[in-house]
There are 2 protein chains.
Amino acid sequence: MALHHHHEHGGTALTDAAQAALVNAGEQWTDMRADIFAVLATYEKPASAYDIADQVSQKRGKRVAPNSVYRILDLFVATNLARRVESANAYVANSHPGCLHDCIFLICDTCGTATHLDDDRLSGSVRAAAEGAGFAQVRPVIEVRGKCADCD
Amino acid sequence: MALHHHHEHGGTALTDAAQAALVNAGEQWTDMRADIFAVLATYEKPASAYDIADQVSQKRGKRVAPNSVYRILDLFVATNLARRVESANAYVANSHPGCLHDCIFLICDTCGTATHLDDDRLSGSVRAAAEGAGFAQVRPVIEVRGKCADCD
DNA sequence: TCAGAAATGATATATTGTAACCTCAACCGA
DNA sequence: TCGGTTGAGGTTACAATATATCATTTCTGA
């Protein structure tokens, strides 16, 4: 099924969806996790763990160590609440936590924003190529660096 | 043209091809660059700048700072003598320095080795998707993490 | 051969990522 | 209730990756 109806979420709906997905995975939705997700979801670009640590520290009036942020980001990535952007060493919130996709990120070298594509046909081809080469447990990383329409 | 004859090089032939490509780009083929390329070309996995710094330091009996290695790696990437593997923060020698391809890396999470695919049709689709979204000066990053046939 | 450019060296520092161990609270069974 | 276990987060230390700046050396072309 290449065409697919996405329940794109934003704001409260996104937070609710994230919470539901995390609980559904047997994990707890704690204050710390909520805070980190909130920062990630409102950040305009892919956020580094240190960016998030700073924001959350401010919000809480108390230093939160990057360490703690990494733990939670790892959990988010594992449960599909967030994605890591490999070529930027940074993370973005997944706007439809319920759906599993190999997603494609377009990252602007100028302004740093990332836009998100889903193209199951394309990612499927990448998967197939890797599997054809004998790879198993395949996780595609498909990103495109370039200059976005706004920065041309 | 999806099918393409690659002049795959190894050993001395690869070094010669790299040297030719670099000189052709108007850059110098210095001892330091030769040493770094040699390490990169013989390294069995993607090598980090620090891996290379260590090897070259040993070979020369004198500390070579990572800094110097980065400079030369950046040059190699710019001139297509080497590629950066984003998801591994590491570099590999390009086995056919003369040809321009968007290449695809399959990286084994277990043994760390990277195999290299060229599939112009696939990378072309990725490019097209990005350009369709308004991106310019597009540089695809297509990597696949997984488990290689040997490590199954 | 000399002046300028290019390459490398040296040092410092910034950024990203892990490891080890501790505290605390919630929960569960005896 | 008591005591143990577990999960979440805190604290500290450190490792790995990357960049900035300025000094020095080497090369090149006039």
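Lettering of chains follows the sequences in order, A, B, ..., and the numbering in each one begins at 1.
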For [N] and [X] - does any side-chain N or O of the residue sit under 4.0 Å from the phosphate oxygens OP1/OP2?
| X | N | answer |
| --- | --- | --- |
| A:Lys62 | D:dG9 | no |
| A:Thr30 | D:dA8 | no |
| A:Arg63 | D:dG10 | no |

Restricting to non-hydrogen atoms, name the atom on [X] and the atom on [Y] that form the minimum distance, rounded to 0.1 Å.
| X | Y | value |
| --- | --- | --- |
| B:Val69 | B:Ala49 | CG1-O, 3.6 Å |
| B:Cys108 | B:Cys148 | SG-N, 3.4 Å |
| B:Leu14 | B:Asn94 | CD1-O, 3.6 Å |
| B:Ala130 | A:Val144 | CB-CG1, 3.7 Å |

For a quick check, with a 4.0 angstrom heavy-atom cut-off, what is the B/S/- contact string for nucleotides 22-30 of chain D, read 5' to 3'?
-----S---

Roughly, in whole Å, what's the span from [atom1] in [X] to [atom2] in [N]?
| X | N | atom1 | atom2 | value |
| --- | --- | --- | --- | --- |
| B:Trp29 | C:dT8 | CH2 | P | 11 Å |
| A:Ile52 | D:dG9 | CD1 | C1' | 16 Å |
| A:Asp74 | C:dA19 | CG | C1' | 13 Å |
| B:Phe37 | C:dA7 | CZ | P | 17 Å |
| B:Ile72 | D:dT19 | CD1 | P | 15 Å |
| A:Met32 | D:dG10 | CE | C1' | 11 Å |
| B:Arg60 | C:dA10 | CZ | P | 12 Å |

Look for any protein N or O under 3.5 Å of an N or O in nucleotides 13-17 of chain D and output each such pair with its distance, or none.
none

Sequence neighbours left out, what passes side-chain contact (heavy atoms from CB on, under 4.5 Å) with A:Lys59? Give chain and number order.
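Listed in chain order: A:Asp35, A:Ala38.
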
Has [X] got a side-chain atom pairing as donor or acceptor with [Y]'s backbone, closer than 3.5 angstrom?
| X | Y | value |
| --- | --- | --- |
| A:Glu143 | A:Ser87 | yes |
| A:Asp51 | A:Ser48 | yes |
| B:Arg33 | B:Leu75 | no |

Measuring from the side chain of A:Val64 (C-beta onward, heavy atoms only), which nucleotide among D:dG9, D:dG10, C:dT8 has the closest atom?
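Of the candidates, D:dG10 comes closest.
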
Salt-bridge present (B:Arg84, B:Glu86; N to O < 4.0 Å)
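Salt bridge present between B:Arg84 and B:Glu86.
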
